Amino acid sequence: HRARYWHAAGVIHRDELHDGERAAACFSAGLDADPRLERSALALERLLVEAGAWAALREHYCRQLRRIDPLEPETRPWALALWSKLGELCIARFDRESGLTALEVAAQLDGDNPLRHQQMTDLYVEAGPAYLDRAIAHQQALLDMDGAQVRPYYTLATLYRETRQEPRARTCLAVARLLEDRGARVSRPELAVTATAEEAPRGALRPEATLSPELLARLRHPREDRLLSALFAVVAPALAAAQARPHAAFALRPEDAISGAAPHPFARAFAGVVKALGIPAPQLHSRPDQHHTVLVASCIDRGELVTAVVLGKPLVNEGRTVGELERVLAQQLAYQYPERRIRLLAPNPAQLAKVIDAAIAMATRFDRAAATASPRRSQTEELLEARLSPTARDQVIELGERCRRRGSDTLEDAAAWLRASDLFALRIGLVFATDLASGLGFGEDDAPPGAATGCGEIFALCRERTCEAVFAAREHLGID
């Protein structure tokens with residue numbers, strides 16, 4: 001009632017007494033009582049605009065933003081509108097930096113709006129060279145929303161060239177031309193692009209370079225379920241030990257393992273990739289009559305668990321360059337990180353779901369207050385109970401409890417995690433790619449599923465090749 005009273009008083013002062021200053025004070029007092037009284041907010045805004053009181057209008061927007069919670073669904077649209085108005089006012093009447101900051105907040109609140117990202121790109125380009133990195137970030141966000149566009153690739157090519165990042169510029173331009181040839185939607189920006197459409201030659205790996213935890217975190221797909229990754233990292237050694245067999249079971253002999261210093265191109269590529277990925281070196285074997293590109297086996301050698309990687313005919317006999325071999329090997333060895341090893345041990349969603357269910361069951365049994373535990377243990381649960389160390393068992397119980405509390409469908413969760421894990425491996429392969437053709441797998445037997453045929457898959461692969469994480473990793477390793 002107080003808010004309505006103050007609004008009525010403001011109207012009287014404005015329309016009957018023609019006292020704008022007092023009317024503004026009444027409208028503001030009404031908003032203090034009820035920030036959601038939209039008619040008072042609009043009346044005060046109109047009053048200040050007509051009076052040209054720009055500093056007071058800026059203060060009004062700031063006070064309104066302090067009055068409301070931008071995270072509440074009901075007030076989020078108001079917050080978006082206020083940040084937008086504040087930004088535009090600051091750019092027009094005060095200082096550009098404050099205006100860009102306010103509009104950046106609006107862009108975060110309106111992250112699914114492509115027009116917002118294009119607006120921010122244009123504003124940052126207009127602001128000058130110091131702001132081009134922010135313009136690049138918004139064009140990257142546009143591609144995350146829709147990788148079938150060509151315009152952002154052309155814009156990125158220009159922006160990267162202007163920031164002296166020529167390898168990135170040439171890659172984006174090559175992707176744009178490739179997508180044009182494949183019928184993607186074309187809307188070239190007005191910015192002139194003069195860079196060549198050919199990619200720069202791939203450099204050799206720096207001998208001392210290794211992907212840091214920070215770079216690996218950036219390469220991880222945003223949709224990857226971190227909780228499941230943590231669970232799988234704990235249980236993978238137990239599953240690997242359960243599946244391990246002597247070398248002879250895989251027709252291998254430990255003494256036939258190939259050293260990374262061997263003269264074969266695939267051995268040099270293997271050693272370089274292992275060092276760059278920062279993973280423990282698996283045993284390397286070759287089998288020229290094997291049709292599969294790579295097979296991975298868990299072996300027992302003198303009581304120790306050993307991972308054996310067996311390279312087949314496509315890598316051993318076909319005379320590929322070291323760079324081409326590195327790309328294929330990197331995508332395969334990406335599953336040797338602790339949280340991804342389970343991808344090879346339980347390769348389908350149903351098997352992974354059983355692991356999640358077993359962890360939930362272990363947590364349920366541990367919680368004596370829960371009466372939902374099944375009296376029978378699944379084979380997976382029995383395996384984990386038998387092979388996990390006490391510390392690992394406690395970790396599984398804790399992670400299983402967190403899975404239980406969120407109550408989601410474990411089969412759907414497993415399928416989603418597999419997709420995200422495969423996208424991580426794809427990104428790792430693209431880090432080592434020699435060029436677009438090899439990186440996207442066009443015409444190759446070891447291409448990612450669907451890469452050579454479906455336009456949607458090609459758009460997605462092109463997007464992954466030009467994401468900031470892949471660019472940064474290639475530069476760190478000396479490839480670009």
Side-chain angles (χ1 to χ4, degrees), residues 225-258 270 274 277-285 287 290 292 294-311 329 332-366 374 376-403 410 413-414 417-418 421-422 424-425:
D225 190 326
R226 309 294 178 84
L227 175 58
L228 293 188
S229 293
L231 172 63
F232 295 153
V234 177
V235 302
L239 296 179
Q243 295 182 15
R245 299 291 182 270
H247 282 76
F250 304 101
L252 300 173
R253 297 193 307 172
E255 57 269 24
D256 292 338
I258 300 171
F270 185 85
V274 166
L277 295 184
I279 58 176
Q283 277 188 359
L284 175 62
H285 296 262
R287 191 176 285 159
Q290 175 182 293
H292 292 286
V294 176
L295 290 178
V296 179
S298 295
C299 300
I300 289 289
D301 183 20
R302 300 173 185 175
E304 295 292 329
L305 183 63
V306 176
T307 300
V309 174
V310 187
L311 307 186
L329 288 169
Q332 299 288 340
L333 292 175
Y335 296 109
Q336 293 303 310
Y337 288 109
E339 70 274 20
R340 307 193 188 280
R341 184 98 187 274
I342 200 169
R343 178 68 176 90
L344 305 175
L345 302 168
N348 65 62
Q351 292 172 314
L352 272 185
K354 290 180 180 179
V355 175
I356 304 171
D357 291 337
I360 292 174
M362 290 171 64
T364 304
R365 292 181 195 283
F366 183 77
S374 170
R376 292 186 57 189
R377 284 181 166 86
S378 67
Q379 289 184 343
T380 305
E381 186 183 353
E382 289 179 349
L383 184 153
L384 294 179
E385 289 281 9
R387 291 186 175 271
L388 289 173
S389 67
T391 300
R393 182 179 179 276
D394 290 343
Q395 292 175 325
V396 169
I397 289 173
E398 178 184 351
L399 295 167
E401 175 59 25
R402 291 169 61 185
C403 291
T410 56
D413 289 347
W417 184 89
L418 283 175
S421 187
D422 289 344
F424 170 83

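Because the structure is a prediction, the values reported are computed rather than measured.
Side chains of Leu311 and Leu329 form a contact here, defined as non-hydrogen atoms less than 4.5 Å apart. Side-chain contact between Gln283 and Leu252 is absent, with no heavy-atom pair separated by less than 4.5 Å. The shortest side-chain heavy-atom distance between Pro254 and Val306 does not fall under the 4.5 Å cut-off. Residues Pro349 and Leu418 have side chains in contact (heavy-atom distance under 4.5 Å, counting atoms from C-beta outward). With contacts defined as side-chain heavy-atom distances shorter than 4.5 Å, the pair Arg341/Leu239 does not qualify. Side-chain contact between Leu295 and Phe250 is absent, with no heavy-atom pair separated by less than 4.5 Å. Taking 4.5 Å as the limit, some side-chain heavy atom of Ile342 sits within range of a side-chain heavy atom of Trp417. Taking 4.5 Å as the limit, every side-chain heavy atom of Val234 sits out of range of all side-chain heavy atoms of Glu398.
Taken from CG in Leu344 to CD in Gln332, the straight-line distance is 8.5 Å, to the nearest 0.5 Å. Note that the OH atom of Tyr335 and the OG1 atom of Thr307 stand 15.5 Å from one another [nearest 0.5 Å]. Note that the CG atom of Asp256 and the CG atom of Leu284 stand 11.5 Å from one another [nearest 0.5 Å]. Here the straight-line distance linking atom CG of Leu228 with atom CZ of Arg402 works out to 10.0 Å at 0.5 Å rounding. To the nearest 0.5 Å, the span separating OG on Ser378 from CD on Glu385 amounts to 9.5 Å.
Smallest separation of non-hydrogen atoms from His247 and Cys299: CE1-CB, 3.6 Å. Ala346 approaches Leu352 most closely through the heavy-atom pair O-CG, 3.6 Å. The shortest non-hydrogen separation linking Leu231 to Ile356 is CD2-CA, 4.2 Å. The heavy-atom pair separating Glu339 from Ser229 by the smallest distance is CB-O, 3.3 Å. Minimum interatomic distance between Leu383 and Ala238 (heavy atoms only, all atoms of both residues): CD2-O, 4.1 Å. In terms of heavy atoms, Pro237 sits closest to Leu305 at O-CD2, 4.4 Å.
In terms of modelled atom types and a separation under 3.5 Å, the side chain of Arg245 and the main chain of Gln243 share a donor-acceptor contact. Distance alone, capped at 3.5 Å, places no donor-acceptor pair between the Gln336 side chain and the Ile279 backbone.
Listed by chain and number, the residues in a side chain to side chain donor-acceptor pair (under 3.5 Å) with Glu382 amount to none (sequence neighbours excluded).
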- Steps toward side-chain contact (heavy atoms from CB on, under 4.5 Å) verdict (Asp413, Cys403): CA-CA 10 Å; Asp413 289 347; Cys403 291; over 6 Å; no
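Applying the salt bridge (Lys or Arg N to Asp or Glu O under 4.0 Å) rule to pairs touching residues 343-358 yields Arg343-Asp422, sequence neighbours excluded.
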